[in-house]
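In what follows, a structure is listed as structure tokens, so that the remarks can point back to it.
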Amino acid sequence: MENYRSKEIENKWQVKWKETGLFNVCSKEVKDKYYCLMMFPYPSAALHVGHGRNYILGDVVARYKMMRGFNVLSPMGWDAFGLPAENAAIKNGIHPAESTRNNISKMKEQMDSWGVEYDWKREVTSCMPDYYKWTQWIFLKLFEKGLAYKKKAFVNWCPSCSTVLANEQVVDGGCERCDSEVEQKELEQWFFRITDYAEKLLSDMDQLDEWPEKVKTMQQNWIGRSSGVDINFPIDGSEKNLTCFTTRVDTIFGCTYMVLSVEHPMIEELVQNVPERDKIMEFVRKVRGESKITRMKTGEEKKGIFTGRYVVNSINGRKIPLWIGDYVLMEYGTGAVMAVPAHDQRDFEFAKKYSLPIEVVIDDPAGHLDAEKMTESYEKEGVLVNSDKFDGTKNLSAMESITDYMEKNKIGTRAIHYRLRDWLISRQRYWGAPIPIICCKKCGNVPVPEKDLPVILPEVVNFRPEGESPLKNVDSFVNVKCPSCGDDATREIDTMDTFVDSSWYFLRYISPDKDDGPFDKDDVNKWLPVDQYIGGVEHAILHLLYSRFITKVMYDMGQIGFNEPFKRLFTQGMIVKDGAKMSKSKGNVVSPDALIDKFGADTVRLYTLFIGPPEKDAEWSDRGVEGAYRFIKRIWNLIGMLGSAPEVVTDKKTQDELLIKLHQTIKKVTEDIDGQFHFNTAISAVMELVNQIYSGIEKNGKCLIEKKCLEEVLDTISLLLAPFVPHLAEEMNEMSGHKGSIFRRQWPVYDEKMLETDTVTVPIQINGKVRSTMEMPRGLEKGSIQELVCSDPRIKERLDGKKVKKWIILPDKLVNIVL
RNA sequence: GCGGAUGUGGCGGAAUUGGCAGACGCGCUGGCCUUAGGAGCCAGUGGUUUUACCGUGGGGGUUCGAAUCCCUUCAUCCGCACCA
């Protein structure tokens, strides 16, 4: 028997899998289909073992499902547009297309070296015209439905990336990519009307019962639905109204002033004849110019200014002052809030600072509230006071009656507002899919006709960003005729957010070569939704929300027959080193290449899976890898023992026990994989089995187990480990005389009858503490058990002269004697 | 502030329908084999004042019995954050 040579074995099988097309599936064969999908990566130069975890997990699932008889689709592609390639290009002069191509081939090599296989015939690359043609097509479809629109708005601007960002891409007021402080800029930009789908995105989450709660909660919070009332406040000395949204209509009688956001569109009109006008506009301009970080600093004192105008609180006819404040958000609600200082802490602080009136309208049941003496707002429940005919009602029940009253008297209407805002998809950068719009002076924004797609991204030489898209300077790109009137026109020069590219790629895998449509409808309807989606939790909001949105739009347009793209979602944890995320700058990156070279891909895979529950973060340990290597060699040496025919002295008991263990292991491994991907415990179960084999082989080479039995056990082990260590399993499979791939064999099934021994070892407790264990026949009745236990000398001794209060007997499980 | 998660040996982690805490692996100790071992095999390995007691972040409770259930508290991590 030769030593274990990982390289030879692994190269051999990696080639074979490709030659035989193990992972290739035909879209038309949908019987027992299983769509296993990993989030497609951005092509970066070198992968580390943390990235590997994602691909290995998916590969395990795909291979396991194959052995369960499923027709498994496991594709891979590249989220290939985006900033890093472009930034690198600016730095080193290599065109993004070229560096992307290079990175893709490097990554493919790495995936191959891990033994991670895909149906490469379906590879999609989002920066290729045959792909982005259909990204542009999706844009056009949204435009047709009025779901893509251009508007001037205050948007998040990253000065370092020199582009706008979606709200989802702003983290703690900074750019998610480069951390620079995000500025507010008023620009005309393209948006997707995702807010139209807020309700569906929220309510359809009840279909997602196989998604992690955490991800669903994050999406719920992001969508942020709240229901309340839009209240109209007539402006004093004007015909117009201002509308406020509130979730606390019960406090309306305590509203003593109103505050507008500095971005509120009516400000200029309101203050035009006010003497303090210049001062007010100065304040507005100043706050508008502040960055999100400055404005969002909680704990920072709120700033405001009186407009000199008043509005009327229609419920009691009272005139209240109208203010402008830096803490009111234009994007949420109506950009105007009614202030109830007695019952809202923010309003309370603002009122104190600017000496605005405070009026109590909910009294504390624990003691009368006095507005003069309050040091903070009262936000708990209570009974309404100073609220006219609603006095004496509990505040919560008053909400309904006040709302009814308002609707009846046309003061306000029930309303639902969302935190979610429309998805800003334009980017002022080069390396993305051009937005397929032509701007005509006469016709406005004209969509590029479908037959003219794709709008090819030109090979620009200078893509250094200068505040506008680099495409601006490419005359041949910009100058076109209007498709509508034929006059001279210009192309939209912005490109699309890369999250648009990734919001539909899972559809393209089904028909990657189709050139007369984005996908084959019938096939897509048969293969989707995705049965298992695997990726990092960092996409909990962005990518997963956008993909759900695009899926719903396609569904409503009749393009597809399902309204949720991913049936089951698994978010894997990060692998950290020295307690920190692996990164070049920290110098704690663990490269798989050297490890695979030394120990082999199977070892790296096994260790990666053994490191801990895959949904949790884990600390990488090079020592641990050696342990995995040792285990593989232990198995390899067992195969050697079969060949070298050790002297066999069959011991029936040892052999029976081994077979029982074998079937218990099949059960455990199957359940661990099927359920929550507990690969770590599945592997430890096989380790236990292997240990038991070793203990059945005597040191001097004599074996207590028959060769035939050993062969059977080893064959089953190769099947059980096949998803984890596919190369070794294939080799074992071939050595034992099987023809063809092990992945075309059936997953082992356990025999229910083989799971149980005839006798059981039962712990005997006295007052809940284990004092002895006894072996007894399985299924013994309580009476006999008690008798048997009393005969145990160790127990007898302890019970001597004492009175037993109670016997707790769980047959086959446990005995507890209470004294 | 709100929401969510986690807390178990020297380390990664098992055990979650309440029922032998520490499976499995790493590390460590000892032994065998060896010219040698950073190879392999075997044995041991939670702590202590070891007939026994104590032990799952801390404190209380329910129970014959709690890592697991309840209350309370602390710590760490993640998400959202002036959302009206």
Side-chain angles (χ1 to χ4, degrees), chain A residues 3 171-173 212-222 224-226 228 244-248 251 255 258-259 261 295-300 302 325-329 331-340 344-347 349-350 417-421 537-538 540-541 574 606-607 610-613 615-628 630-631 633-634 637 668 678 680-691 694-695 697-700 761-773 797 804-810 813-819:
Chain A
N3 281 341
V171 178
D172 290 333
E213 275 314 310
K214 182 193 161 107
V215 173
K216 286 195 277 184
T217 309
M218 280 167 73
Q219 290 209 0
Q220 264 160 26
N221 292 341
W222 190 259
R225 179 189 200 270
S226 43
C244 284
F245 173 65
T246 182
T247 53
R248 291 297 306 276
T251 63
C255 169
M258 180 193 280
V259 192
S261 155
R295 268 173 80 177
M296 285 195 324
K297 261 185 202 152
T298 40
E300 198 82 335
K302 301 171 197 352
D326 67 346
Y327 69 101
V328 179
L329 306 170
E331 314 87 73
Y332 185 75
T334 61
V337 296
M338 60 173 236
V340 184
D344 181 288
Q345 188 58 24
R346 290 160 303 174
D347 298 344
E349 284 163 20
F350 195 84
H417 287 270
Y418 299 90
R419 214 192 71 115
L420 183 72
R421 278 166 253 160
V537 74
E538 66 274 17
I541 296 172
M574 234 180 353
L606 192 74
Y607 174 66
F610 187 63
I611 194 168
E615 71 276 11
K616 282 199 193 146
D617 289 353
E619 168 82 28
W620 183 269
S621 140
D622 287 333
R623 275 289 174 75
V625 181
E626 288 173 34
R630 224 168 282 164
F631 174 63
K633 280 196 293 188
R634 258 163 91 78
N637 293 339
K668 170 85 178 146
H678 288 158
N680 55 330
T681 49
I683 291 166
S684 73
V686 181
M687 285 174 168
E688 282 182 52
L689 177 63
V690 169
N691 288 346
Y694 267 90
S695 65
I697 300 171
E698 284 206 319
K699 286 171 207 127
N700 54 15
T761 307
V762 175
I764 315 296
Q765 300 181 332
I766 292 172
N767 288 338
K769 292 203 170 91
V770 181
R771 295 302 180 191
S772 177
T773 55
E797 195 184 323
V804 175
K805 272 198 205 137
K806 202 171 169 185
W807 282 84
I808 288 163
I809 300 171
L810 303 167
K813 273 193 150 172
L814 169 132
V815 174
N816 188 14
I817 305 162
V818 187
L819 294 180

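Naming convention: chains lettered A, B, ... in sequence-line order (proteins, then strands); numbering from 1 in each chain.
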Counterpart residues, ring pair (Phe, Tyr, Trp, His ring centres under 6.0 Å), relative to [X] (two or more places apart):
| X | result |
| --- | --- |
| A:F610 | none |
| A:W620 | A:Y607 |
| A:F350 | A:Y257, A:W323, A:Y327, A:Y354 |

Can you tell if the side chain of [X] reaches within under 4.5 Å of the side chain of [Y], non-hydrogen atoms only?
| X | Y | answer |
| --- | --- | --- |
| A:F245 | A:S226 | yes |
| A:N767 | A:V818 | yes |
| A:E615 | A:P212 | no |

Take atom [atom1] in [N] and the same atom in [M], then report the distance between them in whole Å.
| N | M | atom1 | result |
| --- | --- | --- | --- |
| B:rU51 | B:rU35 | P | 45 Å |
| B:rC11 | B:rU48 | C1' | 22 Å |
| B:rG19 | B:rG3 | P | 30 Å |
| B:rC71 | B:rC54 | P | 27 Å |
| B:rC26 | B:rG13 | P | 16 Å |

Next item on the list: Would you tell me if any nitrogen or oxygen in the side chain of A:K633 comes within less than 4.0 Å of OP1 or OP2 on B:rG40?
Entry: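 Result: yes.
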Mind calculating the distance between [atom1] ([X]) and [atom2] ([N]) to the nearest angstrom?
| X | N | atom1 | atom2 | value |
| --- | --- | --- | --- | --- |
| A:F631 | B:rG40 | CZ | P | 14 Å |
| A:R419 | B:rG79 | CZ | C1' | 10 Å |
| A:I541 | B:rG4 | CD1 | C1' | 12 Å |
| A:K616 | B:rC77 | NZ | P | 17 Å |
| A:R346 | B:rC82 | CZ | P | 9 Å |
| A:E538 | B:rC80 | CD | C1' | 17 Å |
| A:M218 | B:rC80 | CE | P | 6 Å |

Salt bridge (Lys or Arg N to Asp or Glu O under 4.0 Å) partners for [X], two or more places apart:
| X | answer |
| --- | --- |
| A:E619 | none |
| A:R225 | A:E199 |
| A:R346 | A:D344 |

Next item on the list: With heavy atoms under 4.0 Å as the rule, sort A:V328 into base, sugar-phosphate or nothing.
Entry: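 Base, at least one base atom sits under 4.0 Å.
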Note to self: Taking any heavy-atom pair under 4.0 Å as a contact, classify A:V337: base, sugar-phosphate, or nothing.
What the structure shows: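 Result for A:V337 = base.
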Item checked: Base B:rC64 paired with A:K806 side chain (donor-acceptor, <3.5 Å) ->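 No pair found.
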Next item on the list: Could you tell me which residues satisfy side-chain hydrogen bond (donor to acceptor under 3.5 Å, both in side chains) with A:Q345, sequence neighbours excluded, listed by chain and number?
Entry: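 By the side-chain hydrogen bond (donor to acceptor under 3.5 Å, both in side chains) rule, A:Q345 matches A:E349, A:S377.
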Notebook entry, point to check: Can you name the residues that form a side-chain hydrogen bond (donor to acceptor under 3.5 Å, both in side chains) with A:T681, not counting sequence neighbours?
Noted result: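 Applying side-chain hydrogen bond (donor to acceptor under 3.5 Å, both in side chains) to A:T681 gives A:D672.
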Check: Where does B:rG44 land, syn or anti, once you apply the within-90°-of-0 test for syn?
Finding: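 It is anti.
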Notebook entry, point to check: For nucleotides 50-56 of chain B, read 5' to 3', which letter fits each nucleotide if B means a protein heavy atom sits under 4.0 Å from the base, S means only the sugar-phosphate is that close, and - means neither?
Noted result: --SSS--
Next item on the list: Using a 4.0 Å cut-off on protein heavy atoms (strictly under), produce a 5'-to-3' string for nucleotides 23-30 of chain B with B for base contact, S for backbone-only sugar-phosphate contact, and - for none.
Entry: BBSSS---
Next item on the list: Among B:rC83, B:rC82, B:rG13, find the nucleotide with the atom closest to the side chain of A:R421.
Entry: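 Nearest listed nucleotide: B:rC83.
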Next item on the list: Would you indicate which nucleotide in B:rC78, B:rC83, B:rC82 comes nearest to any side-chain atom of A:K214?
Entry: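 The answer is B:rC78, which lies nearest to the side chain.
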Notebook entry, point to check: Which residues pass the side chain to side chain contact (heavy atoms under 4.5 Å, CB included) test with A:K216, sequence neighbours left out?
Noted result: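 Result, side chain to side chain contact (heavy atoms under 4.5 Å, CB included) vs A:K216: A:M205, A:L208, A:W211, A:E213.
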Notebook entry, point to check: Going by atom types only, do A:R634 and A:N691 share a side-chain donor-acceptor pair under 3.5 Å?
Noted result: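 Yes - a donor-acceptor pair under 3.5 Å links their side chains.
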Pairs under 3.5 angstrom, nitrogen or oxygen only, protein versus nucleotides 18-22 of chain B, please.
from, atom 1, to, atom 2, distance (Å)
B:rG19, N2, A:Q765, OE1, 3.2
B:rG19, N2, A:N816, ND2, 3.4

